[in-house]
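Reviewing the structure listed below.
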Amino acid sequence: MKKSVANQKEFLLQLGERLIGLNEESKKEILYDYEEHFNVGLSKGQSEEEIINRLGDPKLIASQYKFEKAIKQAEHKLTVSNVLKAILAGISLSLFNLIFVLGFYVAVVATIFALTISFVATAVAGLAGMVQAVLPFELSWFHTPIGIETLGDRAITFIIGLGVVILSSLLFLLFIKLGKLVYKYTIKYLKANLEIIKKASIN
Amino acid sequence: MITQLKKGSLEICVLSLINKKDSYGFEIVEKISEYIEVSEGSIYPLLRRLTKEGHIQSYIQESNEGPARKYYSLTDTGKEYYQDILKQWKIFNQNVNKLIEANNEGGYSDEKISG
């Protein structure tokens, strides 16, 4: 096995570096425990190498503290981001493998988001159509399918543009609602699973 | 499978040591690794969690022979909690053993100790 930690200093450094998201006081307290552990071990005649080997990987240790913190955070304030952070921290500890489900979920959320944005773009296009219908000249960056040669053409262009704006806006609002619903049920689902996550972590 | 077993039992092992006498981190770690093979580094996060949950508390004690040590002791709620999980553990242990023994001998025992 490749030795990644050479000495006590490096161990504490690696551990400290990875305690991301914890406040300074917590970090100090945590590092104190390991400093004491080294001090006592050395005073009992163990070598630094032996102590390090027995303690294990500082990265893994840091993951445990981060996981506990994430759980506390999620319990304190139940938001999607907090619970997702807890899940990610748990995954890093190989407590459970939600990568597959999470991947699917992320794809769904991303699709909803992307479509919602696209409706904005479509509405803008509709608006441009309406504007083009009343302008005396042709916009260089916007091309209408029907053109603005006759008044009839202009009227049609305007109506189509208006229709697109209305339709896009309605779809936009619908998808916003859909997004809120997804959020609401995500929270419910994650809340139900938080207990499972907690139980899986008992060590 | 053994990893999950270890995870569940580590807490009760730590609490039983502290229950017997106030102990500092290093000796808890040493004692436990005499019996079970664990990454010793996983014990301090456990101690921290138990402290946050109010089951144990700590105090620093100077020593003539070596460095100052942080001693852990059970709180009142911690003592109650320990007795509680100890009882659960014993029952669980007995029932699992009974089931295993019954299956290895070829018979089936209905005597489950309830609790």
Side-chain angles (χ1 to χ4, degrees), chain A residues 1 5 8 11-12 14-15 18-19 22 25-46 50-73 75-76 89-90 93-96 198-203, chain B residues 1-15 23-34 36-72 81 84-85 88-89 92:
Chain A
M1 191 174 82
V5 183
Q8 171 182 351
F11 181 94
L12 294 171
Q14 280 196 27
L15 178 58
R18 284 173 177 272
L19 291 173
L22 282 85
E25 193 185 328
S26 297
K27 279 189 204 172
K28 268 194 203 159
E29 286 170 8
I30 292 167
L31 288 171
Y32 168 83
D33 282 343
Y34 291 91
E35 276 168 24
E36 183 192 289
H37 185 90
F38 273 100
N39 288 340
V40 175
L42 291 168
S43 77
K44 293 197 178 206
Q46 284 186 17
E50 196 185 338
I51 297 173
I52 289 168
N53 284 337
R54 291 167 72 160
L55 280 176
D57 189 355
K59 298 173 201 153
L60 208 63
I61 293 171
S63 297
Q64 290 185 43
Y65 286 108
K66 281 191 281 191
F67 180 71
E68 300 284 352
K69 169 80 189 228
I71 290 284
K72 270 267 136 70
Q73 201 95 312
E75 282 179 328
H76 173 69
L93 288 172
S94 305
L95 290 180
F96 40 85
K198 270 186 78 178
K199 283 173 186 160
S201 80
I202 290 176
N203 57 1
Chain B
M1 156 74 161
I2 193 75
T3 322
Q4 285 306 318
L5 283 176
K6 278 185 199 174
K7 278 186 181 168
S9 359
L10 211 55
E11 186 181 80
I12 196 166
C13 289
V14 167
L15 288 173
S23 317
Y24 55 93
F26 192 87
E27 69 176 337
I28 293 172
V29 162
E30 288 269 281
K31 238 329 166 330
I32 288 180
S33 45
E34 271 175 41
I36 326 172
E37 198 184 310
V38 274
S39 289
E40 298 185 356
S42 62
I43 294 180
Y44 289 99
L46 176 58
L47 288 169
R48 184 174 170 83
R49 176 168 66 77
L50 287 169
T51 310
K52 295 225 162 208
E53 287 174 354
H55 298 311
I56 61 179
Q57 60 201 358
S58 60
Y59 57 90
I60 309 261
Q61 188 163 298
E62 301 289 339
S63 165
N64 292 326
E65 312 149 329
R69 294 150 188 188
K70 188 160 129 189
Y71 280 81
Y72 295 92
Y81 178 71
D84 196 31
I85 60 173
Q88 286 178 43
W89 167 266
F92 177 72

Going from [atom1] on [X] to [atom2] on [Y], what distance comes out if it is rounded to the nearest 0.5 angstrom?
X: Ile52(A); Y: Glu40(B); atom1: CD1; atom2: CD; result: 12.5 Å
X: Phe26(B); Y: Lys44(A); atom1: CZ; atom2: NZ; result: 6.0 Å
X: Asp57(A); Y: Ser39(B); atom1: CG; atom2: OG; result: 8.5 Å
X: Leu47(B); Y: Ile30(A); atom1: CG; atom2: CD1; result: 12.0 Å
X: Tyr44(B); Y: Leu55(A); atom1: OH; atom2: CG; result: 7.0 Å

| field | Glu30(B)/Arg54(A) salt bridge by N-O under 4.0 Å criterion | value | yes

Need one label for [X]: side chain, backbone, both or neither, based on atoms under 4.5 Å from any heavy atom in chain A.
X: Ile60(B); answer: side chain
X: Val29(B); answer: side chain
X: Ser63(B); answer: neither
X: Arg48(B); answer: side chain

| request: Flag yes if more than 12 heavy atoms outside Glu62(B) fall under 6.0 Å of its CD atom; otherwise flag no. | output: no

| query | Just wondering, more than 12 heavy atoms not from Lys31(B) lying within 6.0 Å of its NZ? | reply | no

| request: Under 4.5 Å heavy-atom distance to chain B, tell me which part of Gln46(A) shows up: side chain, backbone, both or neither. | output: side chain

| field | Nearest atoms (heavy-atom pairs only) where Pro45(B) meets Gln64(A) | value | CG-OE1, 3.6 Å

| request: Can you see which heavy atom on Val40(A) is nearest to which on Pro67(B), and at what distance? | output: N-CG, 3.9 Å

| note | One option among Asn39(A), Ile51(A), Leu42(A), Leu15(A) has the most heavy-atom pairs under 4.5 Å with chain B, and it is Asn39(A)

